[in-house]
Amino acid sequence: MEVMSPLDSIDSLLFSASRALCTPFAVFVQIQGYVICLLLAAGWAGAAYVRNREIRQMKKCMKDGNDFAFLSHDLHDLEHSKQIQLPGVTVVMPLKGFGEHNLHNWRTQLTSLYGGPLEFLFVVDSTEDPAYHAVSRLLLDFKDDVDARIIIAGPSTTCSQKIHNQLVGVEKMHKGSKYVLFLDDDVRLHPGSVGALTAEMEKRPEIFIQTGYPLDLPSGSLGSYCIYEYHMPCSMGFATGGRTFFLWGGCMMMHADDFRTDKHGVVSQLSDGGYSDDMTLAAIASAHKRLITSPPVAVFPHPLASDLTFSRYWNYLRKQTFVLESYTTYINWVMNRALFSVHCYLSWGFVAPYVMAFFHVIAALRFYMKEKVAEESPLNPKGLILVGCLVTCTAIELLSMWNLTRIEVRLCNMLSPEAPPLSLSAYNWCLVFVAMVVDNFLYPISAIRSHFSQSINWSGIRYHLRNGKIHKIERTMEKGKKFSDLAAKRLYARKGAQSKISILGSLSRGLAHWRQPKKYDV
């Protein structure tokens with residue numbers, strides 16, 4: 001009896017595994033993965049169409065002589081007689097810590113070219129927050145050019161610190177403000193973003209919330225690419241050019257009176273154990289059949305941290321999956337459980353074909369490397385055919401993702417003509433593929449852990465949930481990380497970053513002086 005060597009035993013196992021992965025059920029699992037790839041590709045193609053339609057419209061306006069198409073498609077809307085009629089807007093920015101690129105982001109927010117009354121409220125929990133001193137120095141540069149102030153909110157006791165800061169900001173906003181715009185500190189606005197959001201709210205008063213979405217700019221680490229890949233499937237839900245069921249807390253414009261009157265319980269539901277602002281407001285919108293929209297121009301560059309390690313990505317993923325554990329009503333709980341189940345199923349359904357393809361490829365390589373070949377092949381030829389199908393579907397998916405990213409980069413460059421242009425050449429598409437597999441593999445693990453832990457540490461504050469609401473807040477002795485998980489990297493040269501003289505900067509200051517009589521009396 002011939003004794004098999006260890007290598008032969010391994011080969012035998014590989015061949016057996018490869019044949020087992022060609023059974024009808026295994027083939028079904030792999031085909032299911034191909035369908036997921038193609039559905040993602042189709043979704044990104046649709047999103048690319050919507051974004052590209054906006055680019056074509058802007059180009060048409062510029063061809064017709066409107067050099068300010070990045071502010072408005074209709075040049076007449078920029079006339080003084082129209083600008084003085086614009087409603088008041090309060091921008092509320094809840095801050096926590098000082099990230100790598102926050103200063104640049106805040107400058108883009110303060111230099112908005114919106115022509116109506118505009119106030120900025122930077123809300124921190126205490127003067128010990130690093131953001132307090134950074135914003136204080138920033139506002140000295142603008143002095144009386146903008147209506148901006150810092151508000152000390154104090155520590156939260158019944159909800160997350162972010163929601164607490166937002167609600168305190170709403171309490172302090174000017175009584176003449178018609179709209180309130182909530183922005184995260186990692187949002188880099190375009191000069192016409194506030195005007196575009198406000199114009200849509202004026203045109204369609206039935207809108208409950210307007211939102212947007214970030215365009216991640218990976219820094220080169222695997223963690224940054226995992227975050228980019230995590231956001232990309234969601235981006236198709238925001239690139240509708242109109243109605244959407246998705247909401248991103250980084251950019252939300254709402255009617256100020258909805259907070260003043262606590263319409264639909266927006267204030268009470270947020271303050272009563274609220275953990276996630278966007279999930280809570282989306283649930284309210286769904287329950288009351290209110291409209292959420294996302295205009296095609298609401299896409300914002302989002303540079304990721306240069307030191308974004310894999311552990312920081314994991315912490316970010318944990319916070320994202322944890323939001324599914326918070327809810328306000330039974331219907332909301334059912335929807336979150338459905339999202340939890342479907343996302344986990346699709347994530348591992350996406351990863352499974354790549355694991356199976358690995359066995360097919362290794363088995364085939366070992367077969368062709370063997371010196372002695374059996375008369376009857378131990379391999380099922382279907383294995384490599386399935387691998388070929390997977391490679392084709394993956395290529396289509398990556399091409400569609402690349403195309404959407406390319407178009408969004410171009411749109412961002414057109415919406416911010418003064419800023420140094422973004423480039424697609426910085427993206428490493430091999431790392432994008434690796435991140436796709438890694439992120440989808442880890443998502444169910446993170447979601448399951450969040451479900452059983454019912455607590456999360458967010459910037460040094462640990463929140464405990466009970467029945468979907470925060471019931472306990474623990475503040476550790478440490479002050480938390482100085483940089484947020486997604487703190488932006490410095491993309492441009494220091495010289496350019498420190499420059500205070502620019503075309504849009506001059507326009508913004510001139511516009512601020514021009515509308516000086518309309519500034520809110522604080």
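If you read the sequence from its start, that first residue is 1, and numbering goes on from there. Everything numeric here is computed off the predicted structure, so don't read it as measured data.
- No side-chain donor-acceptor contact under 3.5 Å links Y327 to the backbone of M279.
- Across every non-hydrogen atom of T211 and C251, the tightest pair is OG1-O, 3.0 Å.
- In this structure a side-chain-to-backbone donor-acceptor pair under 3.5 Å is missing from D129 to V124.
- In this structure, M414 places its CE atom where more than 12 heavy-atom neighbours from other residues, nucleotides or ligands lie under 6.0 Å away.
- Going from atom CZ of R466 over to atom CD1 of I470 covers 13.0 Å, rounded to the nearest 0.5 Å.
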Exercise. With ring-ring contact (aromatic ring centres under 6.0 Å, His included) as the test, would you mind laying out the steps for F322 and Y275 before giving the verdict?
Key: CA-CA 9 Å; F322 189 74; Y275 169 76; 5.1 Å; yes

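- The closest side-chain heavy-atom distance from E397 to W44 is below 4.5 Å.
- Looking at heavy atoms from C-beta onward, E54 lies in side-chain contact with V297 at the 4.5 angstrom threshold.
- Side-chain atoms of D277 and Q166 form a donor-acceptor pair, as typed in the model, at a separation below 3.5 Å.
- Checked against a 6.0 Å centroid threshold, the rings of Y313 and F310 count as neighbours.
- Between the side chains of R204 and T293, no donor-acceptor pair of N or O atoms lies under 3.5 Å.
- Using modelled atom types, one finds no donor on one side chain facing an acceptor on the other under 3.5 Å when comparing R318 with S446.
- Here the NE2-CG distance, from H190 to L415, works out to 4.5 Å after rounding to the nearest 0.5 Å.
- With salt bridges taken as basic N to acidic carboxylate O contacts below 4.0 Å, one links K96 and D125.
- In this structure the side chain of S156 never reaches within 4.5 angstrom of the side chain of I163, judged on heavy atoms.
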Quiz item: For R188 and T108, what are the C-alpha separation, side-chain angles and deciding distance, and is it a side chain to side chain donor-acceptor pair (under 3.5 Å)?
Solution: CA-CA 6 Å; R188 180 178 298 178; T108 66; 5.6 Å; no

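- Y179 has its ring centre less than 6.0 Å from the ring centre of H255.
- R410 has no carboxylate O lying under 4.0 Å from a charged side-chain N of E408, or vice versa, which leaves the two without a salt bridge.
- Counting only distance, with no hydrogens or angles, the side chain of N165 and the backbone of V123 share a donor-acceptor pair below 3.5 Å.
- In this structure, the side chain of T244 engages the main chain of G237 through a donor-acceptor pair within 3.5 Å.
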Exercise. Assess whether side-chain contact (heavy atoms from CB on, under 4.5 Å) is satisfied between D272 and C159, documenting all intermediate values.
Key: CA-CA 6 Å; D272 182 20; C159 58; over 6 Å; no

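- Between Y213 and F238, the angle of the ring planes stays under 30°, which puts this pair in the parallel group of the 30/60° scheme.
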Quiz item: Which is it for S235 and R51 under the side chain to side chain donor-acceptor pair (under 3.5 Å) test, yes or no, and what are the steps along the way?
Solution: CA-CA 11 Å; S235 66; R51 302 291 192 199; over 6 Å; no

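- The line from OG of S347 to CG of N440 is 4.5 Å long, rounded to the nearest 0.5 Å.
- Note that CD of Q85 and CG of D77 are 10.5 Å apart. Values are rounded to the nearest 0.5 Å.
- With hydrogens and angles disregarded, no donor-acceptor distance shorter than 3.5 Å links the side chain of T198 to the backbone of G195.
- A salt bridge does not link R290 with E206: every distance from a Lys NZ or Arg NE/NH1/NH2 to an Asp or Glu carboxylate oxygen is 4.0 Å or more.
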Exercise. Go through the steps for H133 and E128 under the test side chain to side chain donor-acceptor pair (under 3.5 Å), then give the verdict.
Key: CA-CA 8 Å; H133 303 287; E128 295 181 2; over 6 Å; no

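- N105 contributes a side-chain N or O that, together with a main-chain N or O of H101, makes up a donor-acceptor pair within less than 3.5 Å.
- In this structure, the side chains of I448 and F340 come closer than 4.5 Å at one or more pairs of heavy atoms.
- Between the side chain of S193 and the backbone N or O of L189, no donor-acceptor pair lies under 3.5 Å.
- We find that D257 and K178 are not joined by a salt bridge, their nearest charged nitrogen and carboxylate oxygen being 4.0 Å or further apart.
- With hydrogens and angles ignored, the 3.5 Å screen pairs a side-chain donor or acceptor of Q454 with a backbone N or O of H451.
- Put simply, CZ on R149 and OG on S136 are 14.0 Å apart, with the number rounded to the nearest 0.5 Å.
- Note that CZ of F300 and CH2 of W248 are 6.5 Å apart. Values are rounded to the nearest 0.5 Å.
- Side-chain contact between V89 and F120 is absent, with no heavy atoms from C-beta onward closer than 4.5 Å.
- Judged purely by atom type and a 3.5 angstrom limit, H264 has no side-chain atom pairing as donor or acceptor with the backbone of D258.
- You'll find the ring centres of Y228 and Y427 inside the 6.0 Å limit.
- The closest donor-acceptor contact from the side chain of N428 to the backbone of L431 lies under 3.5 Å.
- Side chains of T280 and Q269: no donor on one and acceptor on the other come within 3.5 Å.
- Shown here is F441, whose CZ atom has no more than 12 heavy atoms of other residues, nucleotides or ligands within 6.0 Å.
- Remark: E325 engages R337 in a salt bridge, criterion side-chain N to carboxylate O under 4.0 Å.
- Side-chain contact check for T309 and S311: at least one donor-acceptor pair (N or O, by modelled atom type) lies under 3.5 Å.
- What you find for M173 and A256 is that their closest heavy atoms are CE-CB, 3.4 Å.
- Between H343 and Y443, the ring planes are parallel. Angles under 30° get that label, and only those over 60° would be called perpendicular.
- Side-chain atoms of S450 and T321 form a donor-acceptor pair, as typed in the model, at a separation below 3.5 Å.
- A donor atom on one side chain and an acceptor atom on the other are not found under 3.5 Å apart for H231 and Q320.
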